[in-house]
Amino acid sequence: GRGAPAGIGPALQFALLGLSWGMRDLFLAAASPAAESLSLTFVSGGVIGLVFGAISFMLRRWPGGYLTATALQFLIVYLVLGFLG
């Protein structure tokens, strides 16, 4: 994001996070024997990645600092693990 021209940095970060999350979901679905719609899996994973990227960016800008976004991500992971356990 720092090497990109002004204004494109945050959008590039969101796009790359969404792309990597979508590819991760796509590879996991392709490796499973019950894969149905790989394109829908890729798109939904990409949208989730974009949403998490936007939330992290907003938390980093509004309260300030990288630790706020990191703390929220850990909180979400612990809540999900708490409900699964």
Side-chain angles (χ1 to χ4, degrees):
R2 292 181 184 165
I8 297 177
L12 182 63
Q13 293 172 7
F14 296 158
L16 289 176
L17 180 66
L19 178 69
S20 67
W21 202 310
M23 289 180 65
R24 174 193 156 271
D25 286 351
L26 176 69
F27 292 148
L28 287 174
S32 72
E36 298 227 0
S37 175
L38 296 178
S39 60
L40 184 61
T41 301
F42 176 71
V43 170
S44 64
V47 168
I48 291 172
L50 290 174
V51 167
F52 272 102
I55 289 171
S56 295
F57 181 74
M58 286 187 293
L59 283 174
R60 192 172 66 201
R61 302 282 277 171
W62 172 60
Y66 290 97
L67 294 178
T68 307
T70 305
L72 179 71
Q73 290 171 4
F74 277 118
L75 177 66
I76 290 171
V77 168
Y78 285 132
L79 288 174
V80 167
L81 291 177
F83 282 119
L84 291 177

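On a predicted model such as this, the values are computed, not experimentally measured, just so you know.
The same ILVMFWY cluster, assembled from side-chain heavy atoms under 4.5 Å apart, contains both Ile48 and Ile55. When hydrophobic clusters are built by joining Ile, Leu, Val, Met, Phe, Trp and Tyr residues whose side-chain heavy atoms come closer than 4.5 Å, directly or via intermediates, Met23 is grouped together with Leu38.
Note: Leu72 CG to Phe52 CZ = 8.0 Å, rounded to the nearest 0.5 Å.
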Problem - side-chain contact (heavy atoms from CB on, under 4.5 Å) between Thr41 and Phe27, worked out - result: CA-CA 9 Å; Thr41 301; Phe27 292 148; over 6 Å; no

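Taking all atoms of both residues into account, the shortest heavy-atom contact from Phe42 to Leu19 is CZ-CD1, 3.8 Å. Pairing each heavy atom of Ser20 with each of Leu17, the nearest pair is OG-O, 3.0 Å.
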